[in-house]
There are 2 protein chains.
Amino acid sequence: MQTEKLKIIPLGGLGEFGMNCLAVRWEDDIIVIDAGLMFPESELLGVDIVVPDITYLLENKQHVRAIVLTHGHEDHIGGLPWILSELKVPVYATEFTLAYVEGKLEEHELLDETELIEIAPKEKLSIGPFTIEPIRVTHSLVDCVALAIETPVGIVIHTGDFKIDLAPLDDKAFDLHTFAEYGQRGVLALLQDSTNVDRHGYTPSERAVRPRLEEIFSRTGKKLFFTCFSSSIYRIRIAMELARAHGRKVAVAGRSMVESVEIAQDLGYLDVPPGLLINPGQLRDFPPEQLMILISGTQGEPMSALSRAAVDNHRHAKVEAGDTVVLSSRIIPGNEKSIYRVIDHLFRRDANVIYDDGSNGLIHVSGHGSQEEMRLLINLVRPKYFIPIHGDYRNLRRHAGVAMETGAVDHAIVLEDGDVLELDSDDARKRDKVTAGRVLIDSGSSIDVVEDLVIRDRRILSEDGIVLAVLAINKRTGKVERAPELVMRGFGAADISDQARETVLKTLDGLSAEQKSDYGMVNEKVRVELKRLIQKSTGRRPLIMPVILEI
Amino acid sequence: MQTEKLKIIPLGGLGEFGMNCLAVRWEDDIIVIDAGLMFPESELLGVDIVVPDITYLLENKQHVRAIVLTHGHEDHIGGLPWILSELKVPVYATEFTLAYVEGKLEEHELLDETELIEIAPKEKLSIGPFTIEPIRVTHSLVDCVALAIETPVGIVIHTGDFKIDLAPLDDKAFDLHTFAEYGQRGVLALLQDSTNVDRHGYTPSERAVRPRLEEIFSRTGKKLFFTCFSSSIYRIRIAMELARAHGRKVAVAGRSMVESVEIAQDLGYLDVPPGLLINPGQLRDFPPEQLMILISGTQGEPMSALSRAAVDNHRHAKVEAGDTVVLSSRIIPGNEKSIYRVIDHLFRRDANVIYDDGSNGLIHVSGHGSQEEMRLLINLVRPKYFIPIHGDYRNLRRHAGVAMETGAVDHAIVLEDGDVLELDSDDARKRDKVTAGRVLIDSGSSIDVVEDLVIRDRRILSEDGIVLAVLAINKRTGKVERAPELVMRGFGAADISDQARETVLKTLDGLSAEQKSDYGMVNEKVRVELKRLIQKSTGRRPLIMPVILEI
C-alpha cells in the first residue's frame, strides 16, 4: 500500500491576482510551476513589485529540481530574478517564453549562471519522479502551455492561463484532444485558472477585435497611435497587418514594445514585410496618414512612451490635432487615474482617443476563459479533485462552485497560499501550512531607465533608511512654492541633504506645468533622481517616498 | 445696446469628477451653484477630502448673494462647511437636501450662523438680478432639481445631476413639460451633467433592480445584509419593502445609514410600518431568516459598519455561514481593493456575497442619464449654447460632440475650472481665467468617529508639521516585528515620541491578525489615534502618514 502522499503547495496567486507560484512535491523532489510577480496596492508606498515568499523552497533547497513555466506574462515569470538569485535551478519553458526570460535574466545579470531548457507541446520530459507533458493552450500571448504531470499517485493537470480560442490567429489550436485523452485515462487533480470566473458565457477569440479596428483604420485621416500590452503579440500582429493594408508605415516606440516586437519577429510570430517598419526618427519623413506608431504605455505608466508623447515629451512621437490614439487593452482596476490622465492630455491635443470603456466597440478581448470555457475543460478532464488557482479568495470560491455544478468532478478544494494539500489516489486533505506571503521589492528600475541594480527585498532596504521628500507644488502655476523638505532617516545622509534638495529642485524644473500636475510622473521622476544621487554618494539604497503638497 | 455680459465661471467639477461648484455673475451679483467635495487620488497622502479653491469668491466676497444647491450628494454639498466658514451667504435648497445640509453644518458648528432657505420645484425665487425656477429632475437621490436661471441676457439652465426616470418610485416625475416650455421660449445656455456620456442608450429606472432583489430575498434562508449608498433612498425603500414582504425585521447599522433613514422617514420618503425596524441590539432575539441588516460601508471604507462586521468586529452585526450579503451599489474605480478585501472576508465566513460585477444580475442602476437621455433633454431645451459640466476633460469633450450631433444646439463650448465664459444674447466667448484649483483637507474625522474639529486646509496643516509612522508588520503572523519608527517634523514633538510610539503599539495590539492584513484599516486606525494624542498633548494637528513595511 502506498503511504507516501503527493503534496501540492501554492506559494502565490491563490488569494490574490498575480505572483503565481506553486510547488508540487513527491518525497524529496520538488518542482515549481511559475514564478510570477504582482504590482503593489497603493498603501504599500515606495514598493515597485511584490513577489512570493519562497522560504519554503529555500528550506528545501536541495530538493528543488526545476522551475517550469506555463507562459511569459509577468505574473508567471516576473519573480524569476528574485527566486533565481537565491535558488540555482534549471528553468523549463517554451521557446517564446524563454526569449522573455532571457531578456529579464540578462538585465539582472543572471543569464549566464542559469540553465534554460526549452520544452514544447506533445514532448514529454522527466524531472525526478515526475513526467510532464506540456499541452498547447490559447491565451492573449503566444506559445502558452498547460502541464500534465504524471506522479506516482496519478495525473495532475495545471492549466496555466488559458482561454479556448477556437479560431486562433496563428492556427495553433488549443489542444482539446490531449485534454480529452487525459480525461479518458483518469485525472487525479485539475488546477484551473479562475481569473474570469465572474464572466458568463465564452470569451471572444483574439481575432474578434479585427472588424472594429479595421473600421478605425479605415476612417483615420492622420497619424494613428496604437498601444496594447507589449506581450499581446496577436494584437500587435493585427495592428501591423491593418497598417500595411492601409498604407501606413510602422514605428515602434517604447522599450518593452521594441523588445517584444523583436522577439516575436525573430521567432516567426510576426511576419513583417521589408519596408513596413521605420525608425521613430523617420516619422517626420512621411505624411501623417501614412504612419502608425506602435507605442507602449497602455496603463498610463508615468514614464512610458505614450505618457510622454501625451505631454509633448517624446523625442519623436508627437500627438497632434486630428491624430487617433487607440488603447487596445483593458483598464486594469487601480490604474484608472493614470490612464485617464493620459487620455485627458490626449484630448487636450485634440486627438481622437479610442479606449475600452464599453462604448467604443470591441477593441480588446480578455485572454482568460469565461465560465463556459471553464466548464468545457472540466468536462473534458473530469478530475477527481478540482483545485481553482489564480484569483482572489472570492474567485476561487466561485470557481469551486462552478466546477461542482458540472457534475464532472468529485471534489472541489479551495486552497490558499501556504496550504499543503496531501493527495493520493483516493484521498486529499489539507495538512498544516508552510510559510507563504509576499515580499515587497523596490526594483530600482523605472520603465525606461535600465539600471544594473539587483532587485532587493524591502526588508533589507528599510535598513538602508528612509527618505521622505515633501514637495509643495502650486498646481495652477506649476511652480514649486517652497524649498522641498527632505526627511532622511537611517543613514548618514546629513552631508548630502543640500545636494538632495538641489536634485529635487532640478528634477522639478525639468518638468512642464502639465507634467507637474501629473503626480504619478512627479513621484517617479523624483524617486529615480534621488535614488541615483544617494546611491552614488553613499552607496545606500533607502526607501524613497515623495509626498506632494498641493498649494 | 447691452454691453454688459453674463459670466459663467466653473470653480470645480469641470475637469474632474466631484467638487462641483459654479459661479454665475451679472455685474456685481454672483450666485454659486453647488459646493461639492471630492475624494483624493492615492498620491495625495494624508488627505481626506478635496474641495474647490474659492479664491475668486473670496476676492468678490461682497458680491456673492447665495449658494443654490441642486441636490444632496457629497459632490454637490460636501464643500459647504469649508466655503461657509469663509463666506457667510444664505444657502438655498429643497427640503430633503436641506436636511442633509443641516446635519453637516451642525457637525461643523456652522448651523446657527447659516441662513437656510427652502426652495421647491415650480416656485420661482429672485436673487439680485436673477430669477430662478427649480425644475424637478430624477436621480438616485430624492428631491433633486435643475435650475432655470433668468438673466438679463437670456435663460441659463443648469441640470444638476439627473437621469430621466420615466417610472420613478415616488411618482414625482421628471418635469419634461417645464423643460419643453423653456425650450419653446428660447434658452441661451444649457449646462448639462456629463457623467455617463460614455454610455449608450438609456439608464434603467431606479425601479429596475426590484425583480432581481426580489429573487434574492426569495431564496435567502438566513440573515440578509443589504448595503447601498446611504443616500440611495429609493434603494433603501425597495430593500425595506422586500424585507417586509418576506417577513424580515430591519436593523439599521452604521452612522450614515441611520441618519439617512431617519431623514427619509421624517420627510415621508420612507413609509416604515410600526414594528418593522428593530435596534441592532435586538438582532439576537430573532431567528436569522427573519432579519435584514441595512448596513453602511458599500465602498469597503475601513471603519464602516460592514467592514467591521466582515471581520467579526461589530457589536451586533455578525456575519455567519449561509448569510447573504448584497452590495447594491457601484464599485467606484479606485475602491476595488478595499471593496474586494471586504468581500473576501465575507466569503471566508461562508457568506453568499452578491455584488455588482456584471454577473450577478441587475442589483444596481446608475443615477446619471446615458446618451439618449442627454440627447432628449437637449432636444427639449434647444439651447443656443451648450456647456457640458460634471466630468473629466474627456467626458466634457465627448458630451460636446454628442450635443452637436443632435442638431439642436448652435454651439458647444468646453469650459474648464477657472475659465470665464462671457455671454450675451448673441455671443459667447472665453475671456481670461480666474484662480481655480483644489484645496486639500485633512478633516480629522473618520467615518464613525465624530470629532469637533473644524476642517482645515492642508496648507495650514503642513505648517503644523508632519508625522511619518513606519510600521513593520508580519503579514503571516500579524505581529508587529519592530518598534514602530516615528519621524516627526515641524513641531516640538520630541517629548511625546515615546508616548506616540506606545499609542501606535497599543492601536496595533487592538487589531486582529485579519484586520492587520487590511492596510486601509491599519492606516486609518493609526492616523486617528496618533492625531488624537498629538492634538491633546501639543495642540498641533500635523499631517500623519502611516507607512507599512510588510515583513
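Labels below follow one simple rule: chain letters A, B, ... track the order of the sequence lines, proteins then strands, and each chain is numbered from 1.
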When rounded to the nearest 0.5 angstrom, what is the spacing between [atom1] in [X] and [atom2] in [Y]?
X	Y	atom1	atom2	result
Y393(B)	I343(A)	OH	CD1	14.0 Å
K337(A)	D392(B)	NZ	CG	7.5 Å
S359(A)	R398(B)	OG	CZ	3.5 Å

Residues in residues 348-356 of chain B near chain A [non-hydrogen atoms, under 4.5 Å]: R348(B), D350(B), Y355(B)

Donor-acceptor pair, side chain of D344(B) and main chain of R394(A), under 3.5 angstrom: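 The answer is yes, because a donor-acceptor pair under 3.5 Å joins these two groups.
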
Residues which pass side chain to side chain contact (heavy atoms under 4.5 Å, CB included) with S307(A), listed by chain and number, not counting sequence neighbours: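 Applying side chain to side chain contact (heavy atoms under 4.5 Å, CB included) to S307(A) gives S304(A), V342(A), M521(A).
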
Under 4.5 Å from a heavy atom of chain A, the part of Q371(B) involved: neither

